[in-house]
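Computed from a predicted structure; not experimentally measured.
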Amino acid sequence: MTTPGAIQRVGVLGAGAMGNGIAHVAALSGFEIVLVDTAQAVLDKSLATMEKNMARQVEKNTIDAAARDAALARVARSTTHDAFATCDIVIEAVPEREDIKRAVYAQIIPHLAPHAILASNTSSISITRLGTASGIAERFVGMHFFNPVPMMKLVEIISGIATAPATLAAVEDLAKRMGKTTIVAADFSGFIVNRILVPMINEAIFALHEGIGTITSIDNGMKLGASHPMGPLTLADFVGLDIVLDVMRVLHEGLGEDKYRPCPLLVNYVAAGWLGRKTGRGFYDYASNPPVPTR
Ligand SMILES: NC(=O)c1ccc[n+]([C@@H]2O[C@H](COP(=O)([O-])OP(=O)(O)OC[C@H]3O[C@@H](n4cnc5c(N)ncnc54)[C@H](O)[C@@H]3O)[C@@H](O)[C@H]2O)c1
């Protein structure tokens, strides 16, 4: 079993938005990285993104050019899972679909060292269930980073029912050595952050749906009256309305209470394909600058 301080080589599975950010921060923190995705083109794009983001950090003087070069040299990339054989941990960041995650665990576990930890960056799937499916539940844990990883200080660590204390201690130590602050959550739907944040966003959509306020007044209310850095409807557009809906459904099903019922207006926006920033339109229309409320 891996002990705190022992993690040196970090595997990252999935080089999308999150995997890229996790590899970026871990490499800058001195870890050797093995980044795996299905296609070389994805890995090339990921490296280009990392180079661009690190160049920005050099411009801002938060790192120097030598640190950037050393970090980039520590990132090995591969399209095959045997590259994970020398890793002390693999952090999985493939799409948020349980069937994809289960299938990929079955493929990678035969390549892992006997002491290696498998961590999932899932934002909503049960760590206990994924751990059971992996067959290495004691060495399975949730490591929930936030987007964008280089900017966001928190890592929410989720302990499944069978996660061993040594596994938990090793990933807490890893996150701290990556410069992050950790919180530990028990494995129930939404963990800590999404359990509180996403129902708040859903409630803001109910307030709009019931005509309690306009989009602008709801966002200004929470920005100026509760010191939130952005209003909940702006935040919903940033996160993606489909993601907000998925998380509400996980909470509703997992916790079984009406208070987690997704707002029907949210369901309709998603049905319309108005998913927020990524589709150019959500609670705001991003064709204009500044964006214009859509209701
Ligand atoms: N985006 C966020 O804001 C955010 C925040 C916290 C957690 N998460 C979680 O992180 C995970 C990844 O999300 P993302 O936004 O980075 O997704 P993404 O779609 O940007 O990236 C997923 C990557 O996984 C790769 N992939 C798919 N199948 C694979 C396989 N079999 N083997 C290797 N790679 C494979 C894809 O090619 C892609 O590069 C999800 O579980 C998500 O819920 C996302």
Side-chain angles (χ1 to χ4, degrees), residues 16-18 21 93 95-98 121-126 142 144-149 151-156 158 183 185 187-295:
M18 297 305 290
E96 187 74 342
R97 284 211 2 226
E98 194 162 338
N121 186 48
T122 179
S123 19
S124 64
I125 303 172
S126 160
H144 184 204
F145 290 83
F146 291 78
N147 191 20
V149 182
M151 307 289 295
M152 300 292 280
K153 291 297 285 178
L154 186 71
V155 179
E156 186 175 41
I158 303 105
I183 56 173
D187 180 33
F188 293 97
S189 304
F191 316 135
I192 293 174
V193 175
N194 282 339
R195 167 85 175 253
I196 298 168
L197 177 69
V198 183
M200 189 273 295
I201 292 173
N202 193 51
E203 199 59 35
I205 303 169
F206 267 116
L208 176 66
H209 182 50
E210 293 171 11
I212 294 168
T214 62
I215 289 175
T216 307
S217 55
I218 291 166
D219 272 355
N220 278 341
M222 295 308 288
K223 267 198 321 197
L224 305 178
S227 290
H228 287 199
M230 68 174 87
L233 300 173
T234 301
L235 180 58
D237 277 359
F238 184 74
V239 170
L241 302 192
D242 52 338
I243 306 283
V244 172
L245 180 58
D246 283 349
V247 173
M248 284 313 297
R249 286 187 168 140
V250 167
L251 293 174
H252 198 207
E253 193 186 309
L255 302 169
E257 292 193 46
D258 282 351
K259 68 177 177 177
Y260 300 113
R261 179 173 69 100
C263 178
L265 184 63
L266 171 63
V267 174
N268 266 359
Y269 265 65
V270 173
W274 293 13
L275 305 183
R277 280 182 175 274
K278 62 186 168 190
T279 57
R281 198 196 307 233
F283 291 110
Y284 294 87
D285 187 333
Y286 295 90
S288 344
N289 190 13
V292 177
T294 50
R295 290 177 82 77

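- Atom CG of Leu266 is separated from atom CZ of Arg261 by 11.5 Å, given to the nearest 0.5 angstrom.
- Counting heavy atoms from C-beta outward, His144 and Val193 have side chains that stay 4.5 Å or more apart.
- With contacts defined as side-chain heavy-atom distances shorter than 4.5 Å, the pair Phe206/Pro262 does not qualify.
- Nearest heavy atom pair, residue Gly213 against residue Ile218, reads O-CD1, 3.7 Å.
- A 4.5 Å side-chain heavy-atom check between His252 and Asp258 finds at least one atom pair inside the cut-off.
- Here the CD1-CD1 distance, from Ile183 to Ile192, works out to 4.0 Å after rounding to the nearest 0.5 Å.
- The closest donor-acceptor contact from the side chain of Asp187 to the backbone of Ile158 lies at 3.5 Å or more, if one exists at all.
- Separating the NE2 atom in His209 from the CG atom in Asn268 is a distance of 8.0 Å, to the nearest 0.5 Å.
- Rounding to the nearest 0.5 angstrom, the gap separating the CD1 atom in Ile201 from the CG atom in Leu245 is 12.0 Å.
- Here the side chain of Asn121 pairs no donor or acceptor atom with the backbone of Ala93 at under 3.5 angstrom.
- Here the side chains of Val247 and Leu197 are not in contact, with every heavy-atom distance at 4.5 Å or above.
- Between Asn202 and Val244 the shortest side-chain heavy-atom distance does not fall below 4.5 Å.
- No side-chain donor-acceptor contact under 3.5 Å links Glu156 to the backbone of Phe191.
- When all heavy atoms of Leu235 and Met230 are compared, the closest pair comes out as CA-SD, 3.7 Å.
- The shortest non-hydrogen separation linking Asp285 to Thr294 is N-CG2, 3.7 Å.
- Here Thr279 contributes atom OG1 and Leu241 contributes atom CG; the two are 7.5 Å apart, rounded to the nearest 0.5 Å.
- Counting only residues at least two apart or on different chains, the ring pair (Phe, Tyr, Trp, His ring centres under 6.0 Å) pairs with a member in residues 268-295 are Tyr269-Trp274, Tyr269-Phe283.
- From Glu253, atom CD reaches atom CG of Leu251 across 10.5 Å, with rounding to the nearest 0.5 Å.
- Screening residues 218-244 for salt bridge (charged side-chain N to carboxylate O under 4.0 Å, His left out) gives Asp242-Lys278 as the qualifying pairs, with residues at least two apart or on separate chains.
- Put simply, the side chain of Thr122 gets close to the backbone of Ser124: a donor and an acceptor are under 3.5 Å apart.
- In this structure, the side chains of Asp246 and Glu96 stay at 4.5 Å or more apart for every pair of heavy atoms.
- Within the 3.5 Å criterion, the main-chain N or O of Ile125 finds no donor-acceptor partner in the side chain of Glu98.
- In this structure, the side chains of Arg195 and Ser189 stay at 4.5 Å or more apart for every pair of heavy atoms.
- Taking the side chain as every heavy atom from C-beta outward, Val267 and Arg249 approach each other to under 4.5 Å.
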